[in-house]
K.L.:
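One structure is given below, represented as structure tokens, and several questions about it will come after.
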Amino acid sequence: MAKKLRLLIVEDDPAHARLITRGFRSEMEEFELTTRFSLKDARAAIELETPDLVIVDLSLPDGVGAELIESHLPVQRYPVMIITSQGDEQTAVEMLKRGAIDYVVKSDGGFNDLPRLSRRSIREWRLLREKAEAEEALRNSEQRYRAIIDHSPMSIVVACQGRIVLANGMALTCLGASSTVQVVGQSIHDFAIPDEEALTKHSGEVVGVRSSAMMNEYVLRRVNGSLLDVELMTTPVDYYGQEATQYVFQDITLRKEAETEMRIRDRAIASASDGIFIVQIANDKIYVVDCNKAFLEIADCTRDTVRQAGLDVIRCDSRYEARLQLIVAAILARQPVRDTLRIHLNDDTFRWVEISISPVQVADSQSAHVVGVVHDITEKVNAEEEIRKRNAELAHFLRLTAMGELVAGLAHEVNQPLYAISNYAGTCENILKNPDNIDLPSVSQCVSRIGQQARRAAEIIRRLRNYVSRTAPKVEAVPLADLLNDSLALLGPLLEEQAIEVQIELDDSLPDVFVDKIQIEQVLTNLISNATDAIDDSNSDRVIEIETHLVESKGEPLVQVSVRDYGVGLPPDLDVFEAFQSTKETGMGMGLSISRTIIESHGGKIWVEAAPSRGTIFFFTLPTTIQQVTGHADESDRVCH
């Protein structure tokens, strides 16, 4: 059953109220009537239940019926029909302007026609209400649409028939416009924005079919003529009843630059001569996510092997397993590290590599990545080993040369014990010629002194043989006093001939030094010999001072030795440690160069300073632990340092 139309009749004359009600007598199934006799009662009834139509007399005891018209509201809640006994055209026009839905003059015909007029009024009111609501909704929709466009972080342009009719602030900024006039009203072709036909061709659609296009990359032209990389998407829209196209785009210049930079970086990594691998750390496990071709060549494996075995493709020498584990631990701890390994290849050969680990810092990232660089230093190590062998041969040659200069003094040094032995032996012979009167204590003393002088001669020969011998370098703990004593013993004849005194200040608490004894003796011999040559005949200070101290470098103890002379000093701007640089007329300029090589191979350093008053001081440091020499406790891997 259809819902009845609710009518509120406001009439102060009971007779007229009955006539109005009688006019609806035959239509009561369709209408529900309520009668009130004043504006006050009518307002109370309206507040209780909003009627579908109010039929009100123009003149009431407490006011004018037109007061029930809610003209002050944007949308009235109900229609009002004015009914009056004395109507005129001017009053009717005024009431209609105030918002009345109809104006009816009281008469028999008017009362009988009220049902039809009421239906029409309610129908028209509803149509007007729907129209008003639709217009309001449209206005709200437009406001929301405009607000969305104006506050959108994306650039939005709307075009009708190829001309821009709307552009938001982001679009103006993106297109480089300072005002709306520079964009709105212009052709979209002025900005190289593709029109709908071009877009449909680009996306493979049929021209004229209105559908959303995919997001694609384009190059737009800005107001100043410069080009801009954008990502653009179109949507067909209705713009005030016209078919239009909405263009939504964003500046992707930074993204394109980042993509270009990423491509360059990827190509650089792929073409790098060093092996590069990238690992991801998850759940305390290491996964190799990428590596370049050079890494596969250095590790002598395939990419599939890397995916399956990870860093296990690096198979190092057993002596370097501990180092590899330290590298793995550094990766898990996201700590930078660098070390040298000797790795196996599939053909049972070896390769020297230097591995550097660097963590990748990414803020707010749930995963951790580490980049490793593997540098093949096999050729470098082999070259250093070859240089070391050449230097050892050169050092041996220099020792032989030095012996050539000292041979006369050494011959005299050896002749002394030999002459004593000969004398003591002759004394024994003379005593033994008289067997009846043998002086046994004298014989015993002579024999004892013969043995003593023989040992003295043997010690001289031993020092000489050791100094000129060609043996493989051997690092061992040696007291510094032994090094000084042996070196001075070799140079004794030269010092005695030159009447030069050597003063040694030796700290008894010094620890042993870890050195190759023969090599360090060569350094000491070279420095003392040079100091002797620096003291000319006119020099009254014929003294060489040797001092030793315990110093610290990078938190580790070292023994520092200094050799000072009171000679003429060194010329300025002369690098005495450079090969073939010499202050002697007959010098080869190799002694100090070899000395520097020897000291640096032991993990120390050598330098020279001018003495405070006159002369020169040479300094060098020596290690007190085997780790300072090799960088690791394993002596066998010295070649890589």
Side-chain angles (χ1 to χ4, degrees), residues 261-346 349-384 554-556 603 627-634 636-641:
E261 184 179 347
M262 185 66 71
R263 284 195 296 270
I264 294 174
R265 186 181 297 113
D266 290 343
R267 291 175 183 174
I269 291 175
S271 60
S273 58
D274 286 341
I276 300 175
F277 63 90
I278 302 173
V279 302
Q280 180 180 2
I281 304 171
N283 299 324
D284 292 332
K285 291 185 178 180
I286 299 174
Y287 302 92
V288 179
V289 296
D290 195 14
C291 64
N292 65 350
K293 183 179 178 182
F295 176 80
L296 300 178
E297 293 176 351
I298 292 174
D300 195 18
C301 63
T302 63
R303 197 172 296 275
D304 290 338
T305 306
V306 174
R307 292 193 188 100
Q308 297 172 4
L311 290 183
D312 290 340
V313 297
I314 301 177
R315 298 164 296 158
C316 65
D317 190 331
S318 59
R319 293 174 295 175
Y320 294 83
E321 187 64 36
R323 291 191 181 188
L324 180 59
Q325 294 308 314
L326 289 176
I327 293 175
V328 173
I331 293 175
L332 291 173
R334 285 83 149 174
Q335 296 293 327
V337 69
R338 174 180 293 181
D339 211 338
T340 303
L341 301 178
R342 187 169 181 255
I343 63 174
H344 283 287
L345 303 184
N346 291 327
T349 59
F350 293 93
R351 178 174 286 162
W352 288 96
V353 296
E354 185 179 67
I355 300 180
S356 300
I357 300 298
S358 300
V360 179
Q361 302 294 341
V362 180
D364 302 327
S365 176
Q366 297 298 321
S367 60
H369 291 79
V370 174
V371 175
V373 178
V374 183
H375 181 49
D376 187 349
I377 59 172
T378 304
E379 293 185 2
K380 175 186 174 184
V381 170
N382 292 339
E384 289 178 349
K554 298 180 181 179
E556 296 183 339
Q627 289 87 345
Q628 292 171 320
V629 184
T630 65
H632 207 267
D634 186 359
S636 61
D637 65 348
R638 290 177 55 198
V639 67
C640 66
H641 293 275

K.L.:
What heavy-atom pair brings P336 and P359 nearest, and what distance separates the two atoms?
P.N.:
N-CD, 4.0 Å
K.L.:
Could you tell me whether a side-chain N or O of D274 sits under 3.5 Å from a main-chain N or O of V373, the two making a donor and an acceptor?
P.N.:
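Side chain of D274 to backbone of V373: no pair is present.
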K.L.:
Can you name the side chain to side chain donor-acceptor pair (under 3.5 Å) partners of R263, sequence neighbours left out?
P.N.:
T260
K.L.:
Who are the side-chain contact (heavy atoms from CB on, under 4.5 Å) partners of R307, not counting sequence neighbours?
P.N.:
R303, D304
K.L.:
My understanding is that only residues two or more places apart in sequence, or in another chain, count here; which of them pass side-chain contact (heavy atoms from CB on, under 4.5 Å) with E321?
P.N.:
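For E321, the residues satisfying side-chain contact (heavy atoms from CB on, under 4.5 Å) (neighbours in sequence not counted) are C316, L324, Q325.
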K.L.:
Return the minimal non-hydrogen interatomic distance between V337 and I327, and the atom names on each side.
P.N.:
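Looks like CG1-CA, 4.4 Å.
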K.L.:
Go through C291 and I276 one step at a time and tell me if the side-chain contact (heavy atoms from CB on, under 4.5 Å) criterion holds.
P.N.:
CA-CA 6 Å; C291 64; I276 300 175; over 6 Å; no
K.L.:
Which atoms form the tightest heavy-atom contact between V288 and V306, and what is the distance?
P.N.:
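Shortest heavy-atom contact: CG1-CG1, 3.5 Å.
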K.L.:
N382: which residues meet the side chain to side chain donor-acceptor pair (under 3.5 Å) condition with it, sequence neighbours left out?
P.N.:
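Testing N382 for side chain to side chain donor-acceptor pair (under 3.5 Å), a comparison that skips the adjacent residues, returns none.
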K.L.:
Determine the minimum heavy-atom distance between A294 and A272, stating which atoms define it.
P.N.:
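The answer is CB-O, 3.4 Å.
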K.L.:
Can you list everything that forms a side chain to side chain donor-acceptor pair (under 3.5 Å) with S356? Sequence neighbours excluded, please.
P.N.:
R338
K.L.:
Work out which heavy atom in R315 is nearest to a heavy atom in L345; give both atom names and the distance.
P.N.:
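It is NH2-C, 3.5 Å.
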K.L.:
Can you list the residues that meet the side chain to side chain donor-acceptor pair (under 3.5 Å) rule with D376, with sequence neighbours excluded?
P.N.:
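Counting only residues at least two positions away or on another chain, D376 forms a side chain to side chain donor-acceptor pair (under 3.5 Å) with R351, T378.
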K.L.:
On the 0 to 90° scale, with breaks at 30° and 60°, tag the F295-F277 ring pair as parallel, tilted or perpendicular.
P.N.:
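Taking F277 first and then F295, their aromatic rings sit tilted (interplane angle of 30° to 60°).
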K.L.:
On the six-membered ring of Y320, is R342 placed so that its NZ or CZ lies under 6.0 angstrom from the centre and within 45° of the ring axis?
P.N.:
no
